[in-house]
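First up is the structure itself, then whatever we jot down about it.
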Number of protein chains: 2
Amino acid sequence: MVIKLDLYRIFCVVGKNQSFSGAAKELFMTQPAISQSIMQLEKELDTRLFNRTPKGVTLTNEGSLLLEYANSAINLIEIGEEKIAEFKNLTIGELRIGVGDTISKYFLLPQLEAFRNRYPNLKLKIENGTTDSLISLLKSGGVDIVVCNLPVDDPSLNVTPCMDIHDTFVYGDKYRKLLARPIGFRELAKLPLIFLEPSSNSRKYVEDHFLSKGVKISPEFELGSHDLVVEFARMNMGIACVTREFTKDYLESGALHEVQLTEQIPYRSIGVCSLKSVPLSPASSRFVELIEG
Amino acid sequence: MVIKLDLYRIFCVVGKNQSFSGAAKELFMTQPAISQSIMQLEKELDTRLFNRTPKGVTLTNEGSLLLEYANSAINLIEIGEEKIAEFKNLTIGELRIGVGDTISKYFLLPQLEAFRNRYPNLKLKIENGTTDSLISLLKSGGVDIVVCNLPVDDPSLNVTPCMDIHDTFVYGDKYRKLLARPIGFRELAKLPLIFLEPSSNSRKYVEDHFLSKGVKISPEFELGSHDLVVEFARMNMGIACVTREFTKDYLESGALHEVQLTEQIPYRSIGVCSLKSVPLSPASSRFVELIEG
DNA sequence: TAACCATATAAACACCCCTTATATCCATTA
DNA sequence: TAATGGATATAAGGGGTGTTTATATGGTTA
């Protein structure tokens with residue numbers, strides 16, 4: 001027979017008060033309840049814990065010893081509960097986000113900054129990688145959520161789009177006259193093009209779309225990051241395929257100009273992915289609210 | 001609302017097993033009981049502690065953290081229970097005995113030695129003093145039991161006689177002829193007498209008994225310890241009032257001889273006294289058994 | 001697709017713990 | 001010494017809670 005732990009809570013309070021009736025008040029119980037609880041504990045331990053006196057009770061040696069242990073135990077539980085509360089406050093804990101490089105810089109970083117200011121004690125861990133590698137990281141428990149380019153088609157994931165992005169082509173001043181009027185995919189493909197590497201999700205998306213229209217591209221430059229692509233365009237190395245939303249500053253300042261296309265490239269979305277089977281942690285859930293809201 | 005501590009015990013077992021049904025087996029409960037207990041704990045903490053998977057459950061971050069605290073707490077309780085068991089085994093704890101000097105040396109010491117051999121881990125504290133001072137020490141909680149000369153007449157004490165002692169008079173070789181035949185109190189009182197100090201319980205007892213027979217004694221020597229009294233008799237300084245049981249060696253070896261009295265001094269007893277209001281500790285109770293048995 | 005193993009849900013029952021009521025003991029005070 | 005007050009002990013009844021049985025649901029595996 002295992003001794004009920006709740007008896008120890010009562011025991012601690014009685015030990016503190018040196019009185020059954022005093023403990024009863026503190027615990028919002030009646031004196032007989034306390035009396036019986038202590039008697040039960042004493043019976044199960046086969047040890048007298050208190051000496052009853054006309055003015056209360058006093059601990060026996062055994063009782064004193066036990067009280068130290070019981071007090072510590074209950075304190076530990078209380079500290080544990082406090083820690084849990086801190087988790088809920090997001091004053092402790094961690095948030096592990098998987099995110100693609102470009103999204104990281106232009107979309108997630110500002111959000112992360114705000115989030116960090118709000119919950120400065122939360123540990124943040126950011127994992128970079130391709131969409132595919134991030135999704136498998138998510139499934140293996142390496143990250144809590146993944147922010148990546150959609151579509152992601154996986155029945156075991158919750159996928160929530162949170163921002164639309166548009167693939168577009170931009171150029172520097174040198175090409176201004178040449179591109180003064182709208183052009184089609186086929187004409188565009190003949191110009192010197194600047195793209196991301198073929199492995200990149202964005203590159204594949206645009207390239208596939210062109211292919212579906214019967215147009216094959218063969219870029220002059222294939223670069224490792226969106227930043228580089230933008231810089232090359234600004235240096236008039238060619239026409240760059242970029243994400244409009246991540247090139248906003250250059251477009252608004254007039255450093256770059258957008259190609260007018262006669263056909264549209266359908267927009268894509270950035271979305272948050274999480275495992276259906278694992279409920280979001282408080283931190284993840286709060287972060288998702290933030291970037292969706 | 002305070003969270004029931006027993007939920008934490010279940011939580012620990014589930015955490016260890018990473019499985020509700022596994023924990024159910026270990027706890028001799030059914031799986032739904034575990035399921036509901038964890039759900040209740042999660043509800044009261046408003047925090048998910050386990051992620052349910054098809055092959056069991058896994059701890060969330062919150063759960064992991066809480067488990068450390070809960071495990072430690074329950075371990076503490078278990079250690080406390082073990083300590084209590086040690087108290088019962090008399091492998092820890094202490095025994096505080098109040099005892100008169102003479103009794104200490106001739107009666108208690110041998111018993112104490114046996115007791116200590118049997119329970120070597122028990123701390124022993126011996127307090128010396130007069131019967132009166134020991135009784136008040138007992139009442140103030142300074143000792144657990146008192147071994148002293150009876151009678152002790154106090155309604156708040158349990159008094160158990162455990163050995164009879166006899167007051168008698170002894171002498172050395174010089175008095176041999178003089179005391180070859182039985183004599184009465186009155187004649188005895190005229191001889192040079194060696195007694196304990198007037199404050200001693202034994203002295204008072206014998207002196208009072210003589211007085212009740214109309215005989216007043218005026219000892220030649222009044223000494224501080226029974227040992228001294230015996231030694232003075234051996235050195236033929238007079239006729240010594242001693243306890244027969246504590247002078248056995250001298251009498252048997254012929255170093256001292258016992259006065260043949262025509263009237264008897266009623267025997268007294270040595271007894272163990274304890275407070276009625278305070279049950280004996282395991283150690284006290286075991287010791288009392290020993291000296292009574 | 002069926003079987004198996006995991007957790008979740010629902011409902012009934014049994015047990016336990018708490019409360020109310022009362023007793024008892026001791027100490028203090030009139 | 002009797003009476004009062006405050007402490008714990010005891011007894012009995014009732015309500016709540018936790019456990020069980022029964023069943024559902026979901027997911028992996030063969």
Side-chain angles (χ1 to χ4, degrees), chain A residues 1-11 13-44 48-60 63 139-141 154-158 275-279, chain B residues 1-11 13-44 48-60 63 139-141 154-158 275-279:
Chain A
M1 171 61 191
V2 179
I3 296 176
K4 296 207 75 177
L5 288 179
D6 295 290
L7 292 180
Y8 284 105
R9 169 176 281 137
I10 294 174
F11 169 67
V13 177
V14 174
K16 197 183 67 185
N17 288 50
Q18 302 269 303
S19 153
F20 286 5
S21 36
K25 281 199 195 78
E26 181 169 338
L27 290 168
F28 302 103
M29 292 165 64
T30 58
Q31 170 265 319
I34 306 295
S35 191
Q36 292 180 52
S37 296
I38 297 300
M39 278 193 288
Q40 184 183 342
L41 186 58
E42 287 180 329
K43 184 181 164 195
E44 307 211 40
R48 180 159 295 260
L49 299 171
F50 293 101
N51 292 316
R52 279 70 167 173
T53 79
K55 46 175 101 278
V57 295
T58 61
L59 283 159
T60 61
K139 287 185 177 175
S140 69
D154 190 314
S156 69
L157 300 182
N158 283 317
L275 289 175
K276 271 184 186 165
S277 59
V278 180
Chain B
M1 171 59 191
V2 179
I3 296 178
K4 295 207 73 176
L5 287 180
D6 294 290
L7 293 179
Y8 284 104
R9 169 176 280 140
I10 295 174
F11 169 67
V13 177
V14 174
K16 196 184 66 182
N17 288 51
Q18 302 270 301
S19 153
F20 286 8
S21 36
K25 282 198 194 80
E26 182 170 336
L27 291 168
F28 302 101
M29 294 165 63
T30 58
Q31 169 265 320
I34 305 296
S35 192
Q36 291 180 55
S37 296
I38 296 299
M39 280 191 290
Q40 185 184 341
L41 186 59
E42 287 180 329
K43 185 181 164 195
E44 305 209 42
R48 180 159 294 261
L49 300 171
F50 293 101
N51 292 316
R52 278 71 165 173
T53 78
K55 46 175 103 272
V57 295
T58 61
L59 284 159
T60 61
K139 286 185 178 175
S140 69
D154 190 314
S156 69
L157 300 182
N158 282 319
L275 289 175
K276 271 186 186 164
S277 60
V278 180

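Lettering follows sequence order; numbering is per chain, from 1.
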* Distance-minimising heavy-atom pair for A:Asn17 and A:Ala23 -> ND2-N, 3.6 Å
* Asked: Given D:dT19, C:dT9, C:dT19, which nucleotide is nearest the side-chain atoms of B:Ser37?
  -> D:dT19
* **Between D:dT17 (C1') and B:Asp6 (CG): distance, integer Å** => 12 Å
* Distance check: side-chain N/O of A:Gln36 vs OP1/OP2 of C:dC17, anything under 4.0 Å? -> no
* Asked: Run the side chain to side chain contact (heavy atoms under 4.5 Å, CB included) check on A:Lys43 and A:Gln40 step by step: do they pass?
  -> CA-CA 5 Å; A:Lys43 184 181 164 195; A:Gln40 184 183 342; 5.6 Å; no
* Asked: Where the side chain of B:Asn51 meets the backbone of B:Thr60, is there a donor-acceptor pair that is under 3.5 Å apart?
  -> no
* **Donor-acceptor under 3.5 Å (B:Glu44 side chain, B:Lys4 main chain)** => no
* Distance-only, no hydrogens or angles: does the A:Gln31 side chain make a donor-acceptor pair with backbone N or O of A:Phe20 under 3.5 Å? -> no
* Structure fact -> Separation between CG (A:Asp6) and CD1 (B:Ile3), nearest 0.5 Å, reads 11.0 Å
* Length of the CZ-P vector between A:Arg9 and C:dC17, whole Å -> 15 Å
* Figure out the CD1/C1' separation between B:Ile10 and D:dT19, and round it to whole Å. => 10 Å
Which atom pairs link the protein and nucleotides 3-8 of chain D when you take only N or O atoms and keep those under 3.5 Å?
residue : atom : partner : partner atom : Å
D:dA7   : O4'  : A:Pro54 : O            : 3.3
D:dT8   : OP1  : A:Phe20 : N            : 2.6
D:dT8   : OP2  : A:Ser21 : N            : 2.9
D:dT8   : OP2  : A:Ser21 : OG           : 2.7

* Please give, in whole Å, the distance from D:dT17 P to B:Lys43 NZ? -> 11 Å
* Asked: Taking atom C1' of D:dT10 as reference, at what distance in whole Å does atom CE of A:Met39 sit?
  -> 7 Å
* To do: Could you tell me the separation between the CZ atom of B:Phe50 and the CD1 atom of B:Ile38, rounded to the nearest 0.5 Å?
  => 5.0 Å
* Shortest side-chain distance from A:Lys4, nucleotide among C:dT9, C:dC17, D:dT20 -> C:dC17
* To do: For B:Arg48 and C:dA8, give me the distance from atom CZ to atom P, rounded to whole Å.
  => 8 Å
* Asked: Between B:Gln40 (CD) and D:dT19 (P), how many Å, whole number?
  -> 9 Å
* Could you state the CE-C1' distance from A:Met29 to D:dG16, rounded to the nearest angstrom? -> 14 Å
